[in-house]
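Scroll down for the structure; my scribbles are underneath it.
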Amino acid sequence: MKKIVLFVFVSCLFLGCSNKENKVKNVERAFYYWKNGSSFNGETTQQLNKLQVRKIYYKFFEVDYSETMGNFPYQKNSPDRYTFRDMDSISIIPTIFIKNEIFQYNNEKSLDKLADNIVFLIDKYRKNRYQYGNDDTTNFDYSEIQIDCDWTKSTKDKYFYLLKKIKQLSKKEISCTLRLYPYKYPDIMGVPPVDKATLMCYNLIKPQSQKDKNSILDINELKSYLDKKRSYPVHLDVALPVFYWTLWYHNNRFAGLVNFNSADISQISKQTKPMWYEMTEDYTFEYEYYLKKGDQLKIEEVDSKTIQEAISIIKKNVELDDTTTISLFHLDDSTFKKYNHEEVSGFYSSFSK
């Protein structure tokens with residue numbers, strides 16, 4: 001009888017521990033900056049300082065491939081020395097997005113050249129573009145480079161080779177983004193040869209695949225990946241979504257993504273079901289989008305309650321170190337209009353509670 005009681009006690013203790021949420025002792029607060037242009041208005045800067053954000057993962061450029069140009073950078077965006085001058089102790093992490101498709105056209109020799117070009121261009125952006133004579137000032141210093149790529153089983157070897165080469169040439173700490181599928185199935189997808197990885201807890205569903213679900217963050221979909229406590233061979237940071245997008249349908253056919261939210265069209269549309277709106281009149285948005293009466297819009301936004309629910313799932317199922325960077329994707333003028341200071345601060349502090 002005593003053995004049975006002891007077994008039940010130990011089992012309950014084990015189950016209790018397995019459901020216990022991890023607590024991060026030191027949360028490093030960060031944002032991703034994914035826009036073209038380097039302007040931060042005064043309100044955004046004040047909010048960042050008030051939140052004590054100390055890191056910005058700043059997208060410098062993306063890499064694609066063409067037959068005529070080979071590997072080439074596009075959507076280039078370099079900050080200057082004035083971009084962050086009003087921010088308190090901000091560390092800039094150059095972040096490079098690489099299209100997974102390029103690897104089918106590359107071998108080790110061309111990847112060596114790509115790695116060299118990436119490191120060269122980052123360092124070029126670091127230097128003051130207005131240097132004259134002996135002016136040795138720089139726009140920023142950095143100790144880490146992050147590579148963002150949705151690699152697949154077939155491209156992982158070439159992608160991992162590129163990561164190693166960037167590390168070798170830059171002599172910097174190298175991090176990468178990590179989607180939930182390769183996190184859950186490292187035996188299939190491999191473990192990237194990096195110093196650390198950022199677990200991207202959003203964009204879980206292809207936007208047009210399931211019209212009744214929020215493709216940015218669906219809690220049931222998140223649970224399907226974070227279904228039990230796991231450790232990962234590389235240090236993990238975490239990224240959460242604070243962005244929105246709107247899928248535009250004309251004559252029941254997808255017409256593209258448009259950059260406005262439900263508040264922008266509240267007077268000229270009617271909600272037909274959760275996330276779905278119908279235009280009640282013709283509308284031109286910033287001379288860029290021309291919507292017709294009857295057009296359908298699926299507006300995907302993530303409220304603070306859903307983000308907090310996601311945080312709880314992450315804490316229960318992802319092994320996090322005492323010091324972990326929590327990033328919000330991405331920094332925009334609308335970020336602090338949708339979420340107030342207490343909500344944004346809570347996204348960070350909840351990992352320590």
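Just so you know, these numbers use all the heavy atoms, side chains as well, and skip hydrogens, waters and symmetry mates.
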Is it true that a side-chain atom of Y348 and a backbone atom of A30 form a donor plus acceptor pair closer than 3.5 Å? yes

Side chain to side chain donor-acceptor pair (under 3.5 Å) partners for S170, two or more places apart: none

If you round to the nearest 0.5 Å, how far is NE2 of H250 from CE of M279? 12.5 Å

Is a donor from one side chain sitting under 3.5 angstrom from an acceptor on the other, for N71 and N106? yes

Is there a donor in the side chain of Q208 and an acceptor in the side chain of K298, or the other way round, less than 3.5 Å apart? no

Checking salt bridge (Lys or Arg N to Asp or Glu O under 4.0 Å) between E28 and each of R54, K196, K55, which is the one that passes? K55

Test item: N22 side-chain N/O and V318 main-chain N/O as donor-acceptor pair under 3.5 Å: yes

Check the side chains of D332 and H330 for a donor-acceptor pair under 3.5 angstrom, ignoring hydrogens and angles. no

Is it true that Y58 and F40 have ring centroids separated by less than 6.0 Å? no

Would you please say whether a donor-acceptor pair under 3.5 Å links the side chains of T306 and D303? yes

Look up atom CG in L162 and atom CD1 in I118, then write down how far apart they are to the nearest 0.5 Å. 5.0 Å

Nearest 0.5 Å please: distance from the CZ atom of R29 over to the CG atom of N26. 10.5 Å

Under the 3.5 angstrom rule, does the side chain of D282 hit a backbone N or O of K293 as a donor-acceptor pair? yes

Please determine, by modelled atom types, if S143 and E173 share a side-chain donor-acceptor pair under 3.5 angstrom. no

May I ask you to check whether F160 and W151 place their ring centers less than 6.0 Å from one another? yes

Donor-acceptor pair, side chain of N49 and main chain of D88, under 3.5 angstrom: yes

Classify the side-chain pair T155/N100 by whether it contains a donor and acceptor separated by less than 3.5 Å. yes

Residues that S350 engages under side chain to side chain donor-acceptor pair (under 3.5 Å), provided they are two or more places apart: Q308

Answer yes if the ring centres of W276 and Y249 are under 6.0 angstrom apart, and no otherwise. yes

Using 30° and 60° as the class boundaries, would you call the ring planes of F97 and W34 parallel, tilted or perpendicular? perpendicular

According to the interplanar angle, ranging from 0 to 90°, do the rings of F260 and Y289 count as parallel (below 30°), tilted (30 to 60°) or perpendicular (above 60°)? perpendicular

Nearest-0.5 Å distance that lies between atom CG in L222 and atom CG in L204: 6.0 Å

Point-to-point distance, once rounded to the nearest 0.5 Å, from CD of E301 to CE of M275: 10.5 Å

Give a yes-or-no answer on whether the side chains of T272 and E278 include a donor-acceptor pair shorter than 3.5 Å. no

Is the ring centre of Y202 less than 6.0 Å from the ring centre of F329? yes

Is there a donor-acceptor contact under 3.5 Å from the side chain of T280 to the main chain of I268? yes

Would you say T83's side chain and D80's backbone share a donor-acceptor pair under 3.5 angstrom? yes

Find the distance between NZ (K213) and NZ (K206) and round it off to the nearest 0.5 Å. 15.0 Å

Set out, in order, the CA-CA distance, both residues' side-chain angles and the distance that settles side-chain contact (heavy atoms from CB on, under 4.5 Å) for V302 and Y339, then state yes or no. CA-CA 10 Å; V302 185; Y339 308 99; 4.2 Å; yes

CA sep, side-chain torsions, deciding dist, call: Y283, Y277, ring-ring contact (aromatic ring centres under 6.0 Å, His included): CA-CA 14 Å; Y283 177 61; Y277 295 78; over 10 Å; no

Any donor-acceptor pair under 3.5 Å linking the side chain of D195 with the backbone of I174? yes

Would you be so kind as to tabulate the donor-acceptor pairs closer than 3.5 Å made by side chains of residues 177-193, with sequence neighbours excluded?
residue: T177; atom: OG1; partner: D148; partner atom: OD1; Å: 2.7
residue: R179; atom: NE; partner: D150; partner atom: OD1; Å: 2.5
residue: R179; atom: NH2; partner: D148; partner atom: OD1; Å: 2.9
residue: R179; atom: NH2; partner: D150; partner atom: OD1; Å: 3.0
residue: K184; atom: NZ; partner: S224; partner atom: O; Å: 2.7
residue: K184; atom: NZ; partner: D227; partner atom: OD2; Å: 3.4

Taking D64 for the side chain and K99 for the main chain, is one N or O donor matched with an acceptor at less than 3.5 Å? no

Check: I216 main-chain N/O paired with N214 side-chain donor or acceptor under 3.5 Å: yes

